[in-house]
Enquirer: 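Below is the structure I would like to discuss, written out as structure tokens.
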Amino acid sequence: MPQSRRYWLVKSEPTVFSIHDLAKSPKRTTGWDGVRNYQARNFMREMTVGDLVLFYHSNADPPAVVGVAEVVRPAYPDDTQFDRASHHYDPASTPAAPRWDMVDIKHRETFQAGVSLDRLRGEPKLKGMLLLRKGSRLSVQPVTESEWATVLKMAGAKTGT
DNA sequence: GCCAACGTTGGC
DNA sequence: GCCAACGTTGGC
């Protein structure tokens with residue numbers, strides 16, 4: 001029996017990389033590089049091809065879940081960690097023992113209207129959602145199947161479960 | 001192993 | 001721009 005699809009949420013500042021940037025990327029796909037947090041990295045390592053991802057705009061007005069992406073390549077070493085010129089350069093990491101990974105995600109849907117943080121907070125079914133926890137800063141995090149279904153319904157999404 | 005100092009995230 | 005919350009670093 002194949003392992004069932006899992007659900008995730010990734011954050012991005014739209015001024016840095018927005019859902020529209022993802023939609024315009026070659027093959028509507030991008031490498032999710034630059035993650036420099038162990039917990040977030042470990043979640044990326046758990047991702048498998050076909051997993052679905054909520055795309056969240058942080059530091060936005062308003063902060064909101066704005067669309068859906070799909071994992072199209074599982075975790076592999078993030079090249080920016082070896083690049084001295086990169087803002088994400090990590091001098092402690094070596095190609096022989098890479099510390100940071102990335103995955104590739106592909107654009108699936110941009111919601112007609114994003115689901116704002118306020119609306120998420122107002123939904124009782126999302127009470128336990130990691131994103132809504134005070135002080136939660138994880139940029140890659142798991143989403144339960146019921147949270148997934150709830151957010152997609154709120155968004156009037158075309159993507160199903 | 002403790003913890004102060006520092007850096008970052010992200011809502012407001 | 002502020003600042004609370006959190007993660008990491010490094011001296012001891």
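Letters go in sequence order (proteins before strands), and every chain restarts at 1.
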Enquirer: Evaluate the criterion side chain to side chain donor-acceptor pair (under 3.5 Å) for residue pair A:Thr80 and A:Asp83; output intermediate values, then yes/no.
Expert: CA-CA 5 Å; A:Thr80 63; A:Asp83 178 3; over 6 Å; no
Enquirer: Using the test side chain to side chain donor-acceptor pair (under 3.5 Å), find all partners of A:Arg45 that sit at least two apart in sequence or belong to another chain.
Expert: A:Asp101
Enquirer: What nitrogen or oxygen pairs link the protein and nucleotides 7-11 of chain C at under 3.5 Å?
Expert:
none

Enquirer: Can A:Arg36 and A:Asp78 be counted as an ion pair, charged N to O under 4.0 angstrom?
Expert: yes
Enquirer: Want to settle it: does A:Ser136 or A:Asn59 sit nearer the 5' end of DNA chain C, counting the closest nucleotide to each?
Expert: A:Asn59
Enquirer: Is the shortest side-chain heavy-atom distance between A:Val65 and A:Leu9 below 4.5 Å?
Expert: yes
Enquirer: What is the distance, rounded to the nearest whole Å, between atom NZ of A:Lys11 and atom C1' of C:dA5?
Expert: 11 Å
Enquirer: With the side chain counted from C-beta on, respond yes when A:Trp8 and A:Phe43 share a heavy-atom pair under 4.5 Å apart, and no when they do not.
Expert: yes
Enquirer: Please name all residues satisfying ring-ring contact (aromatic ring centres under 6.0 Å, His included) with A:Phe55, sequence neighbours left out, ordered by chain then number.
Expert: A:Trp32, A:His57
Enquirer: Relative to the 5' end of DNA chain B, which residue comes earlier, A:His87 or A:Leu131, by the nucleotide with the nearest heavy atom?
Expert: A:His87
Enquirer: Check the distance between B:dC12's C1' and A:Lys134's NZ and give it to me in whole angstrom.
Expert: 13 Å
